[in-house]
Amino acid sequence: MHLHTKYLGEVEIDASKIIQFPVGLPGFIDETEFALVDFPDNPIFQVLQSVKSVNTAFIVTNPYHFYHDYSFELDDSIVESLEVKSEKDVMVVTIVTLKNPFNTSTLNLKAPVIINPSSKQGKQYILNMDNIPAKAPISPGNHLKAGGE
Amino acid sequence: MLVLTRKQDEAIQLGEDIEIKVLAIEGDQIKLGIDAPKSVDIYRREIYLDIKEQNNEAANVSSDLLELLKENKE
């Protein structure tokens, strides 16, 4: 099927890959269907595009690429609502708040988006953990490498 | 807004299946226990608002910023 996307124009996607978000996302509760579209120019990032609203799209990434020890537990209610049966049923992506310059961009580690690729169900999962930030720097330690800053 | 006064161990019933109970009152803090179906998401309000705001900001990226992703391939 054709999907109109905010950032990538019209793309062709497999209709079976559409993910249901029955309760939407906080701030976007009416957006209940999304597709994950690869970002052609950079394989680390993807676009979580609403099927209904072309203007609702999030840039997402794999948080483990940036934060190797990121971890949290899924409670029973999300395991149940996403129909998670094994580890294979859990895919985690993080919403990126892209900023210029790039290294000031942030990752929302406090509210990862959990997707079950088998059941095609997804949900943004807000962690009840105070030590995980909603604005984690995209380049942990980047300021160390940069030296002067 | 409906305002109800409750004492410790008293509760409020919302509809058929949600119960909010005052478990303890300690100084300026009140400990609430909430019984609700698993399908009902319960958050501390300020955290929910924070995530909502963060989502709005993340969704408002202009297309020209996407150039940054092309430039910052690892």
Side-chain angles (χ1 to χ4, degrees), chain A residues 6-9 22-29 31 39-45 47-48 50 53 55-61 65-66 75-81 94-103 105-108 110-111 113 123-130 133-135 138-139, chain B residues 1-2 6 8-74:
Chain A
K6 180 177 180 184
Y7 299 120
L8 304 166
V23 293
L25 277 77
F28 298 87
I29 55 170
E31 308 294 342
F39 189 72
D41 296 310
N42 192 329
I44 294 164
F45 298 92
V47 177
L48 187 64
S50 163
S53 311
N55 279 322
T56 303
F58 300 95
I59 294 158
V60 298
T61 190
H65 182 84
F66 299 91
D75 65 22
D76 293 349
S77 70
I78 186 154
V79 166
E80 211 166 278
S81 60
T94 295
I95 296 180
V96 181
T97 305
L98 197 59
K99 288 192 182 136
N100 196 6
F102 179 76
N103 62 11
S105 303
T106 58
L107 305 179
N108 188 347
K110 195 170 191 73
V113 176
K123 185 172 182 182
Q124 189 172 18
Y125 183 55
I126 301 181
L127 303 176
N128 262 327
M129 296 159 81
D130 291 334
K135 291 185 187 190
I138 198 162
S139 28
Chain B
M1 184 189 273
L2 171 69
R6 303 276 64 196
Q8 186 167 337
D9 293 328
E10 290 183 339
I12 288 167
Q13 183 79 22
L14 300 183
E16 260 311 292
D17 43 18
I18 300 176
E19 182 192 329
I20 301 172
K21 188 170 183 181
V22 179
L23 296 180
I25 303 167
E26 294 154 4
D28 61 355
Q29 288 195 314
I30 295 168
K31 212 172 262 175
L32 299 173
I34 302 161
D35 256 329
K38 284 180 185 166
S39 58
V40 176
D41 293 321
I42 301 165
Y43 306 112
R44 291 184 178 92
R45 182 166 167 82
E46 67 279 12
I47 293 176
Y48 185 80
L49 293 180
D50 183 33
I51 298 304
K52 204 166 149 177
E53 195 187 304
Q54 200 57 43
N55 281 350
N56 277 320
E57 198 182 329
N60 271 326
V61 171
S62 71
S63 300
D64 47 301
L65 266 188
L66 277 204
E67 290 297 317
L68 292 174
L69 293 185
K70 295 183 196 168
E71 292 159 11
N72 284 279
K73 270 191 239 187
E74 290 197 19

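So you know, we letter chains A, B, ... as the sequences are listed, proteins then strands, and number each from 1. Fair warning: this is a prediction, and the values are worked out from it, not measured in the lab.
- Both the backbone and the side chain of A:A134 have a heavy atom closer than 4.5 Å to some heavy atom of chain B.
- A:N108 touches chain B through its side chain: at least one heavy atom from C-beta onward sits under 4.5 Å away, while N, CA, C and O do not.
- Neither side chain, A:S53 nor A:N55, offers a donor N or O lying under 3.5 Å from an acceptor on the other.
- Heavy-atom distances place the side chain of A:T106, and not its backbone, under 4.5 Å from chain B.
- Salt-bridge check for A:K123 with B:D41: passed, with a basic side-chain N closer than 4.0 Å to an acidic carboxylate O.
- Between B:E57 and B:K52, no side-chain nitrogen of the basic residue sits less than 4.0 Å from a carboxylate oxygen of the acidic one, so the salt-bridge criterion is not met.
- In terms of heavy-atom pairs under 4.5 angstrom with chain B, the leader among A:Q124, A:K110, A:E80 is A:Q124.
- Remark: the backbone N or O of A:E31 is not paired with any side-chain donor or acceptor of A:S50 at under 3.5 angstrom.
- Contacts between A:I95 and chain B at a heavy-atom distance below 4.5 Å involve the side chain alone, from C-beta outward.
- Only the side chain of A:F45 comes within less than 4.5 Å of a heavy atom of chain B; its backbone N, CA, C and O stay farther away.
- For chain B, the nearby part of A:K135 is the side chain; its heavy atoms alone come within less than 4.5 Å.
- Contacts of B:D50 with chain A are made by side-chain atoms alone, with heavy-atom separations under 4.5 Å and no backbone atom involved.
- In this structure, A:Y7 contributes its side chain and B:V61 its backbone to a donor-acceptor pair below 3.5 Å.
- B:K31 places no side-chain N or O within donor-acceptor distance of the main-chain N or O of B:E26, the cut-off being under 3.5 Å.
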